[in-house]
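Below: the structure, in structure tokens.
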Amino acid sequence: MKRPAVGTIDRPLTHDPKKQAPMSPSVTERPAPPSDAPAERQNRNLEMQLMPEALARAHMQERLYEAEHERTALRVLRARRLQRRAERASLRARRALAMAVMQ
């Protein structure tokens, strides 16, 4: 029994592309959606593709908010520290003035 002449990828039956059998799409390849696909489906696919970008943007917004909040807290602490230092300096000046008046 004679086998039909079939070529493989490594050893094609002929090297002339016009004489080769047309390639069929593989099982894993999905055909492109038709151009008249519902807009909702296309929009959902676009949203799914943009989701990581939106997630990263939300994450960065949260990080910026936290950083600003931390900067504000540090400014408040610094202002309180400076206020206490100014009050102590004021008390020292009053004592020094009182001692000068007493003598």
Side-chain angles (χ1 to χ4, degrees):
M1 180 191 272
K2 189 175 182 184
R3 290 183 16 194
V6 177
T8 63
I9 292 177
D10 293 331
R11 295 175 187 222
L13 187 62
T14 176
H15 291 286
D16 186 7
K18 293 179 182 176
K19 294 181 181 177
Q20 290 179 359
M23 293 183 64
S24 61
S26 68
V27 177
T28 58
E29 291 180 10
R30 291 178 42 175
S35 61
D36 60 341
E40 180 182 328
R41 181 174 169 199
Q42 289 178 349
N43 191 29
R44 186 178 68 226
N45 288 342
L46 180 63
E47 286 177 14
M48 290 295 284
Q49 289 173 355
L50 296 178
M51 212 175 270
E53 184 179 337
L55 186 62
R57 189 177 294 116
H59 184 67
M60 284 304 299
Q61 286 292 101
E62 188 174 344
R63 296 285 305 268
L64 286 171
Y65 173 77
E66 288 174 3
E68 184 62 33
H69 187 70
E70 188 174 339
R71 279 194 293 269
T72 304
L74 288 175
R75 273 191 224 117
V76 168
L77 286 174
R78 189 178 309 130
R80 286 181 184 165
R81 208 175 309 131
L82 288 173
Q83 185 178 4
R84 285 193 301 266
R85 186 183 296 174
E87 287 172 358
R88 284 195 303 266
S90 173
L91 284 175
R92 279 196 304 271
R94 276 183 162 178
R95 281 192 207 116
L97 183 62
M99 294 290 275
V101 169
M102 289 285 215
Q103 290 180 356

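The shown structure was predicted, so the numbers you read here are calculated from the model rather than taken from an experiment. Any value given below was found using the heavy atoms of this structure, including those in side chains, with hydrogens, waters and symmetry copies removed.
- Between the NE2 atom of H69 and the OG1 atom of T72 there is a distance of 7.5 Å, given to the nearest 0.5 Å.
- Taking CD of E87 as the start and CD of Q83 as the end, the distance is 5.0 Å to the nearest 0.5 Å.
- By the side chain to side chain donor-acceptor pair (under 3.5 Å) test, E68 pairs with R71, sequence neighbours left out.
- Heavy atoms of other residues, nucleotides or ligands lying less than 6.0 angstrom from CD of E66 number more than 12.
- Once rounded to the nearest 0.5 Å, the distance linking CG of L55 with CE of M60 reads 12.5 Å.
- The side chain to side chain contact (heavy atoms under 4.5 Å, CB included) search around L82 returns R78, R85, not counting sequence neighbours.
- The neighbour count for R75 CZ, taken as heavy atoms of other residues, nucleotides or ligands under 6.0 Å away, is above 12.
- For Q49, the side chain to side chain contact (heavy atoms under 4.5 Å, CB included) partners two or more places apart in sequence, or in a different chain, are L46.
- For the atom pair L64 CG and H59 NE2, the distance stands at 10.0 Å (nearest 0.5 Å).
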